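One structure is given below, encoded as structure tokens.
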Amino acid sequence: AISVFNSIMDTTSRDVAGVDPIMDKLDLIEEVKTKKEIQKLLAEHPTAISSPFFGVSAYSDPNDSNTNVAYVGTGSLGLPDRDYYLDQDDKSKEIREQYKDHIVKMMAYFGGSKDDAKFKAETILKLETQLAEPRLDKVARRDFRNFNNRYAVEDLSGVTKNIDLKAYMTDLGIEKLPDTVLVMEPKYMKALDEMIAETPLEELKTLMTWSTIN
């Protein structure tokens, strides 16, 4: 914890390093050739490459606080929550336009043309909106019972067909897989599964790149 704190406080070294420390991770994303390689890459670099799709973590079991259980949760979004993507009032639309401008500005630090960055910003917002819509809204998220959806590991293929959650957990380095996991938002996972099947690989890589930069 102390080394992390010191690293965060060392603004001088951080300014000198610039964006260089993540360039090799962005190269790994660019080298992905198939959709099946995406989950393996995310599992092999869980702290360096940010997942906009899903994640696996361990917390106390809501049914037995003396034990831990594996949670399958949603991935990261660039805007704070679901409503920022879906609300149609003028302020929300303005925020989304400003968000695209922010993406373009950030992408400029990593090379490429402004026109290319604008195109990628449109793609990123489109995909993040697709990933925001099937999530629970703020009211539903306040009730943890909505997240308490227990699945046998052997049955996870019924939740996602294009994402092999069992293989992902193995690639994470979990030597003995649990018998069950909590899939926090099954509706989201099924929508994600369909999105990965239908979305071109290059667009998925663009979203992964932005998530990692962000």
Side-chain angles (χ1 to χ4, degrees), residues 7-8 13-57 72-82 84-86 95-135 160 162-165 167-169 171-173 185 188-189 191-214:
S7 175
I8 292 171
S13 296
R14 192 164 71 237
D15 289 346
V16 171
V19 300
D20 288 346
I22 70 165
M23 293 305 294
D24 61 331
K25 302 304 182 291
L26 301 185
D27 289 341
L28 290 175
I29 296 172
E30 187 58 36
E31 291 168 7
V32 168
K33 296 294 189 293
T34 67
K35 292 180 182 180
K36 285 186 177 181
E37 292 177 24
I38 288 176
Q39 71 171 53
K40 190 169 183 63
L41 181 64
L42 293 173
E44 291 175 346
H45 302 274
T47 62
I49 298 178
S50 178
S51 173
F53 308 120
F54 69 95
V56 174
S57 53
V72 177
T74 58
S76 58
L77 292 173
L79 293 174
D81 63 44
R82 177 181 187 271
Y84 280 80
Y85 294 90
L86 302 179
I95 289 172
R96 289 194 287 271
E97 289 302 314
Q98 291 173 339
Y99 178 48
K100 287 190 291 185
D101 290 342
H102 170 66
I103 293 172
V104 171
K105 182 179 179 181
M106 292 299 293
M107 287 289 192
Y109 292 114
F110 296 85
S113 69
K114 189 171 183 179
D115 286 343
D116 181 58
K118 286 182 177 180
F119 177 78
K120 288 180 176 177
E122 293 288 350
T123 297
I124 289 160
L125 182 61
K126 177 191 73 173
L127 295 181
E128 286 190 350
T129 302
Q130 284 183 247
L131 294 176
E133 195 281 329
R135 297 175 188 232
T160 55
N162 298 288
I163 304 166
D164 189 339
L165 291 170
Y168 177 80
M169 288 189 286
D171 290 337
L172 272 178
E185 300 195 38
Y188 168 84
M189 292 303 296
L192 169 64
D193 199 50
E194 293 174 2
M195 190 203 86
I196 288 179
E198 296 169 358
T199 303
L201 175 63
E202 289 304 313
E203 291 190 8
L204 297 175
K205 288 163 61 173
T206 294
L207 183 58
M208 288 172 64
T209 297
W210 165 243
S211 187
T212 301
I213 289 172
N214 196 29

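This one's a predicted model, so the numbers in the text were calculated from it and none came from an experiment.
The two residues A132 and L77 come nearest to each other via the heavy atoms CB-CD1, 4.1 Å. Shortest non-hydrogen contact noted between I8 and R14 is O-NH1, 2.6 Å. Residue L86 comes nearest to E133 through the heavy atom pair CD1-CA, 3.8 Å, listed as atom of the first residue, atom of the second, then distance. Scanning both residues, D171 and A43, for their nearest heavy atoms gives CB-CB, 3.5 Å. The minimum heavy-atom distance between G18 and P21, with the atom names listed, is O-CD, 3.5 Å. Between K100 and A121, the closest heavy-atom pair is O-CB, 3.9 Å.
Of the inter-residue distances, the one linking L28 atom CG with I22 atom CD1 reads 11.5 Å to the nearest 0.5 angstrom. Rounding to the nearest 0.5 Å gives a distance of 8.0 Å between CD of E30 and OG1 of T206. In this structure, NZ on K36 lies 13.0 Å from CD1 on I196, to the nearest 0.5 angstrom. Distance check: Y99 OH to E128 CD gives 3.5 Å after rounding to the nearest 0.5 Å. Here the straight-line distance linking atom OG1 of T160 with atom CZ of F54 works out to 7.5 Å at 0.5 Å rounding. For the atom pair CG (L204) and CD1 (I38), the distance works out to 4.5 Å, reported to the nearest 0.5 Å.
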Next on the checklist: Working note: S76 + S50, criterion side-chain hydrogen bond (donor to acceptor under 3.5 Å, both in side chains); need CA distance, chi angles, decisive distance, verdict.
Outcome noted: CA-CA 8 Å; S76 58; S50 178; 3.3 Å; yes
Item to check | Intermediate values then yes/no, side-chain contact (heavy atoms from CB on, under 4.5 Å), M107 and W210 | outcome: CA-CA 8 Å; M107 287 289 192; W210 165 243; 4.1 Å; yes
Next on the checklist: Test side-chain contact (heavy atoms from CB on, under 4.5 Å) on M106 and N214; report intermediate values, then the result.
Outcome noted: CA-CA 8 Å; M106 292 299 293; N214 196 29; 5.9 Å; no
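Panel note: side chain Q39, backbone I163; no donor-acceptor pair is recorded below 3.5 Å. Checking side-chain atoms of S51 against main-chain N and O of F53 turns up a donor-acceptor pair under 3.5 Å. No donor-acceptor pair under 3.5 Å is formed between the side chain of R135 and the backbone N or O of Y188. Panel note: side chain Y84, backbone G78; no donor-acceptor pair is recorded below 3.5 Å. Counting only distance, with no hydrogens or angles, the side chain of E37 and the backbone of K33 share a donor-acceptor pair below 3.5 Å. Put simply, the side chain of K25 never gets that close to the backbone of I49: no donor and acceptor are under 3.5 Å apart.
Proximity of L131 to Y85: side-chain heavy atoms (C-beta onward) are nowhere separated by under 4.5 Å. Within the 4.5 Å cutoff, no side-chain heavy atoms of K35 are placed close to those of N162.
For F119, the CZ atom counts as loosely surrounded, since its 6.0 Å shell holds 12 or fewer non-hydrogen atoms of other residues, nucleotides or ligands. More than 12 heavy atoms of other residues, nucleotides or ligands lie within 6.0 Å of NZ in K126, so this atom counts as buried by the packing criterion.
Test T123, I124, I29 against L207 for side-chain contact (heavy atoms from CB on, under 4.5 Å) and you get one pass: I124.
Scanning for side chain to side chain contact (heavy atoms under 4.5 Å, CB included) contacts around E44 gives K40, with sequence neighbours left out. Residues that satisfy the side chain to side chain contact (heavy atoms under 4.5 Å, CB included) test with K105, not counting sequence neighbours, are Y109.
For residues 109-118, the pairs satisfying salt bridge (Lys or Arg N to Asp or Glu O under 4.0 Å) are D116-K120, with sequence neighbours left out.
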